[in-house]
Amino acid sequence: MINNMPTHFAGKVYSALRKVPKGKVTTYKKLAESINSKAYRAVGHALSQNPYAPAVPCHRVVASDGTIGGFMGQKTGEAIRKKIKLLESEGIVVENGKIVDFEKKVVEIKN
DNA sequence: AGAGCACTGATCC
DNA sequence: GGATCAGTGCTCT
């Protein structure tokens, strides 16, 4: 668990996200469910704050249908392009804002 | 206290 | 097939 978390909820989100290996991604839905919650939006917001930027790779979280979703508070723009680049650096192929072979890149979060 | 958000599933048109 | 609503937890005003 990460120290000094803003909230218990966010703390669980970060903790779960840290378990995602490099080259893989997860979804807001899986994250939320893995922490026993349905607050998908809250997960997104918690990541948007991202107080633990390097430890918590928020770019590794995507929407349930494989779309990038958003990054750094915006759903489109330079930040998104950067997020895609980051993912590609980890071996994830992104095309037209969506993850290619998304099902193979997604990893189930384990507690 | 009220509205909005990086979501999602279900309903409505 | 696209638009809207409800549910959820947190942040901002």
Side-chain angles (χ1 to χ4, degrees):
Chain A
M1 193 66 108
I2 303 181
N3 299 322
N4 232 355
M5 56 196 70
T7 66
H8 182 42
F9 178 85
K12 286 198 277 192
V13 173
Y14 304 138
S15 191
L17 179 53
R18 275 179 57 182
K19 294 181 178 111
V20 179
K22 177 188 165 195
K24 298 274 186 175
V25 297
T26 191
T27 67
Y28 298 100
K29 179 179 174 177
K30 285 177 194 276
L31 267 176
E33 289 188 345
S34 75
I35 63 177
N36 212 35
S37 220
K38 283 173 48 172
Y40 314 116
R41 301 179 109 190
V43 173
H45 241 170
L47 295 180
S48 79
Q49 302 159 44
N50 198 14
Y52 313 103
V56 181
C58 45
H59 62 270
R60 218 171 277 165
V61 185
V62 297
S64 69
D65 62 349
T67 51
I68 292 300
F71 192 53
M72 282 168 56
Q74 47 187 37
K75 297 170 58 173
T76 174
E78 189 69 21
I80 291 296
R81 215 188 61 70
K82 214 164 182 175
K83 176 172 180 177
I84 293 172
K85 202 168 183 177
L86 271 170
L87 291 171
E88 290 182 334
S89 299
E90 298 188 350
I92 297 168
V93 185
V94 180
E95 191 174 301
N96 196 22
K98 269 195 283 191
I99 300 216
V100 180
D101 288 333
F102 170 62
E103 304 168 24
K104 296 176 193 167
K105 310 291 187 189
V106 172
V107 59
E108 299 289 334
I109 308 264
K110 284 172 279 213
N111 203 343

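The sequence lines fix the lettering, A, B, ..., with proteins before strands; numbering per chain opens at 1.
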Remember a base hit wins even if backbone is also touched, and classify [X] as base, sugar-phosphate or nothing at under 4.0 Å, heavy atoms.
X        : answer
Tyr28(A) : base
Ala63(A) : sugar-phosphate
Thr27(A) : nothing
Thr7(A)  : sugar-phosphate

* To do: Give a yes or no on whether Met5(A) atom CE has more than 12 heavy-atom contacts from other residues, nucleotides or ligands under 6.0 Å away.
  =>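 More than 12 heavy atoms, drawn from other residues, nucleotides or ligands, come within 6.0 Å of this atom.
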
* Asked: If you draw a 6.0 Å radius around NZ in Lys19(A), do more than 12 non-hydrogen atoms from other residues or ligands fall strictly inside?
  ->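 Result for NZ/Lys19(A): enclosed.
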
* Testing Lys82(A), Glu90(A), Lys83(A) for side chain to side chain donor-acceptor pair (under 3.5 Å) with His59(A), which one passes? ->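 Among Lys82(A), Glu90(A), Lys83(A), the one that satisfies the side chain to side chain donor-acceptor pair (under 3.5 Å) with His59(A) is Glu90(A).
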
Separation of atom [atom1] in [X] from atom [atom2] in [N], rounded to whole Å:
X        : N       : atom1 : atom2 : value
Ile68(A) : dC7(B)  : CD1   : P     : 12 Å
Lys12(A) : dC10(C) : NZ    : C1'   : 14 Å
Asn36(A) : dG9(C)  : CG    : C1'   : 14 Å
Leu47(A) : dG9(C)  : CG    : C1'   : 13 Å
Glu33(A) : dG9(B)  : CD    : P     : 8 Å
Leu31(A) : dC5(B)  : CG    : P     : 21 Å
His8(A)  : dT8(C)  : NE2   : C1'   : 16 Å
Lys98(A) : dA6(B)  : NZ    : P     : 20 Å

Within the structure, does a side-chain N or O atom of [X] lie under 4.0 Å from either OP1 or OP2 of [N]?
X        : N       : value
Gln49(A) : dT11(C) : yes
Ser64(A) : dT8(B)  : yes
Lys29(A) : dG9(B)  : yes

* **Separation between CG of Asn96(A) and OG1 of Thr67(A), rounded to the nearest 0.5 Å** =>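 Answer for the CG-OG1 pair, Asn96(A) versus Thr67(A), is 10.5 Å.
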
* Is any side-chain N or O of Arg41(A) under 3.5 Å from a base N or O of dG4(B), one able to act as donor and the other as acceptor? ->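 A donor-acceptor contact between them is absent.
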
* **For dA10(B), the Watson-Crick or wobble partner whose two distances fall under 3.5 Å** =>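 Per the H-bond distance test, dT4(C).
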
* Carboxylate-amine/guanidinium proximity below 4.0 Å for Arg81(A) and Glu78(A) ->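 Salt bridge between Arg81(A) and Glu78(A), a charged N being under 4.0 Å from a carboxylate O: yes.
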
* To do: Tell me which of Tyr40(A) and Ala46(A) sits closer to the 5' end of DNA chain C, going by the nucleotide each one is nearest to.
  =>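 Looking at the nearest nucleotide for each, Tyr40(A) comes out on the 5' side.
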
